[in-house]
There are 2 protein chains.
Amino acid sequence: MSMTTLWERSRQVAVQAILDTAVRLFAEQGYEQTTIAQIAREAGISQRSLFRYFGTKEDLVCGDQEALGELLKRTVEQQPAEMSAWDALRAGFEVILTANHPPERALELSRLIFDTPSLHARYIEKRLHWQAELVPVIRARLGNGPSGAVPETQSKAIVATVFACIDTATELWAGHDGRIDLADLYDQCLAAVRGHD
Amino acid sequence: MSMTTLWERSRQVAVQAILDTAVRLFAEQGYEQTTIAQIAREAGISQRSLFRYFGTKEDLVCGDQEALGELLKRTVEQQPAEMSAWDALRAGFEVILTANHPPERALELSRLIFDTPSLHARYIEKRLHWQAELVPVIRARLGNGPSGAVPETQSKAIVATVFACIDTATELWAGHDGRIDLADLYDQCLAAVRGHD
DNA sequence: CGCCTACTTGGCATTAACTGCCAGGAAGTC
DNA sequence: GACTTCCTGGCAGTTAATGCCAAGTAGGCG
């Protein structure tokens, strides 16, 4: 399985080292107060190479969202056809949860994101990208829902709401230091919105 | 009423001139391609002063959101106490709509925001700010809602969902060049999520 | 009107996030 | 061992943004 060229292997090592340094410094002094120069220095890499690994400073925190988006989309697609849009999205969310970082790291990152306005905004913006990719998947499943409305509007609204609830649940979860189950919080959010289920 | 010192009057004029120049240039060459230096030059002002009027480049596009957020909060607060949280938020949204720019300008700005990632992020950031300020207002109104859940979670989820629907409706509205009524789109989004009403 | 204070303006220097370019070195191929 | 390919680091340059200071202008007062 390690049929990787040495280049790729050492790249993984470098990426991990940079990421560890960055997250540590962000936690210690805050995101805005930490400069790229400092991260590069402490990670033992040139500033120029750091920008080759991570195109922007924000990617140091919310860079791997890309892969998670793909996983989410595939999971939702593969849910049985008779499942409602809401349940299919909920199943996808569940898979993301288990596939995510070790919970301690995820908690640290979540706190950083929710405490730093510019990061939070960037994070949501990246998420909007998967959101757009999920809309057609949900539209294909809308036979079960109420007819008479424009399916484009319906599916966009449903996906946006689900992500709003995921976001809210994650924020509450980070605020409680991870002591409350994230999936439970998500269900509470959705119940508050939809009033049943 | 024009009991304003000449300083404030000429400031209003300058702000408007800068804003007009900026929006025109953004529309002509795109947001990223337009530099602060160019805007300042064409508006006949120094770069330094431009940054005193608008703290950031993004504020040139979504700067007056601050005032709208205040208006939104006050409007929601002043709705009759027996009105549900959903209806109070809907009333606030309606007021924002009428208090907004002339529709042509609003459409242009919306498209610019949705098409420019960094702008979109900044817009989301400002929205998150109002969101946080609205949560206590909504929590105070939750006596009408289903009891048994944590009100903090409930109110956060409701506010987040409403904004998700506002965002979705606005995106659809901009995509249809403003030909569909924004309030109607919002109602459709909320109906798709809540299933009745 | 002349003076003083309050506030604004513009220029200069500086920082931080990026980007392009180019030389040099290590990894993989034959 | 030569050759190609790819990565790395340094250097210069751009852009947004901030602090500082000197110069100018509005407004109030004698």
Side-chain angles (χ1 to χ4, degrees), chain A residues 2-19 21-23 25-26 28-63 112 116-119 121-123 125-126, chain B residues 2-19 21-23 25-26 28-63 112-113 116-123 125-126:
Chain A
S2 203
M3 182 41 212
T4 63
T5 152
L6 193 150
W7 274 325
E8 292 197 28
R9 253 178 298 135
S10 61
R11 203 191 76 170
Q12 290 302 330
V13 172
V15 162
Q16 204 51 50
I18 296 170
L19 236 40
T21 312
V23 172
L25 288 174
F26 289 158
E28 282 175 13
Q29 353 168 319
Y31 177 78
E32 318 270 9
Q33 280 67 43
T34 306
T35 71
I36 293 283
Q38 186 183 11
I39 299 171
R41 206 183 320 121
E42 299 211 11
I45 200 177
S46 86
Q47 202 164 329
R48 191 64 188 81
S49 291
L50 198 157
F51 274 116
R52 267 194 276 263
Y53 287 127
F54 301 90
T56 69
K57 189 181 176 186
E58 283 122 5
D59 281 350
L60 287 166
V61 178
C62 38
L112 190 61
T116 313
S118 72
L119 266 182
R122 242 338 152 190
Y123 167 75
E125 193 204 327
K126 292 221 170 199
Chain B
S2 200
M3 182 42 210
T4 62
T5 153
L6 192 147
W7 276 326
E8 293 197 26
R9 254 178 296 134
S10 60
R11 203 190 73 175
Q12 291 301 330
V13 172
V15 162
Q16 204 51 51
I18 296 170
L19 236 40
T21 311
V23 172
L25 289 174
F26 290 158
E28 282 175 13
Q29 352 167 321
Y31 178 79
E32 317 271 9
Q33 280 65 44
T34 306
T35 71
I36 293 282
Q38 187 183 10
I39 299 171
R41 207 182 319 121
E42 299 211 11
I45 200 177
S46 87
Q47 202 164 329
R48 193 64 189 81
S49 291
L50 198 157
F51 274 116
R52 266 193 278 263
Y53 286 126
F54 302 90
T56 69
K57 188 181 178 186
E58 285 113 4
D59 281 351
L60 287 165
V61 178
C62 38
L112 192 60
I113 290 173
T116 311
S118 74
L119 268 181
H120 199 176
R122 187 65 166 196
Y123 167 75
E125 191 187 328
K126 298 226 167 195

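Reminder, nothing fancy here: chain letters follow the sequence lines and each chain counts from 1.
The nucleotide whose nearest atom lies closest to any side-chain atom of T35(B) is, among dA17(D), dT15(D), dG28(C), dT15(D). The side chain of K57(A) lies closest to dA17(C) when the candidates are dG28(C), dT8(D), dA17(C). The side chain of W7(A) has dT5(D) as its nearest neighbour among dC18(C), dT5(D), dC21(C).
Rounded to an integer number of Å, the gap from Q47(A) CD to dA17(C) C1' is 8 Å. Rounded to a whole Å, the CG atom of L6(A) is 13 Å from the P atom of dA26(C). Here dT15(D) presents its P atom at 15 Å from CG of L50(B), a figure rounded to the nearest Å. Atom pair I45(A):CD1 and dC7(D):P shows a separation of 13 Å (rounding to whole Å applied). Regarding R9(A), its CZ atom lies at a distance of 12 Å from the C1' atom of dG28(C), rounded to whole Å. The distance from atom CZ of R11(B) to atom P of dT25(D) is 20 Å, rounded to the nearest whole Å. Between the CZ atom of R48(B) and the C1' atom of dT9(C) there is a distance of 10 Å, given to the nearest Å. One interatomic measurement links the two molecules: CD1 of I39(A) to C1' of dA16(C), which rounds to 12 Å at whole-angstrom precision.
Residue contacts shown for T34(A) are limited to sugar-phosphate atoms, with no base heavy atom under 4.0 Å away. Using a 4.0 Å heavy-atom distance criterion, S10(B) is classed as making no nucleic acid contact.
Between G44(A) and E32(B), the residue anchored nearer the 5' end of DNA chain D, judged by the nucleotide with its closest heavy atom, is G44(A).
Close to dG10(C), at under 4.0 Å from its OP1 or OP2, lies a side-chain N or O of S49(B). The side chain of S46(A) contributes no N or O atom lying less than 4.0 Å from OP1 or OP2 of dT8(D). The side chain of Y53(B) places no N or O atom within less than 4.0 Å of a non-bridging phosphate oxygen (OP1 or OP2) of dT8(C).
If you run side chain to side chain contact (heavy atoms under 4.5 Å, CB included) between I39(A) and each of I45(A), L19(A), V23(A), L60(A), only L60(A) comes through.
Annotation: cation-pi pair K57(B)/F26(B) absent, no NZ/CZ under 6.0 Å from the ring centroid and within 45° of its normal.
Of all the heavy atoms in A121(A) and A121(B), the pair that sits closest is CB-O, 3.1 Å. For G63(B) against K126(B), the heavy-atom pair with the smallest separation is O-NZ, 4.2 Å.
Ion pairing between a basic and an acidic side chain is recognised when a charged N comes within 4.0 Å of a carboxylate O; E125(A) and R122(A) show such pairing.
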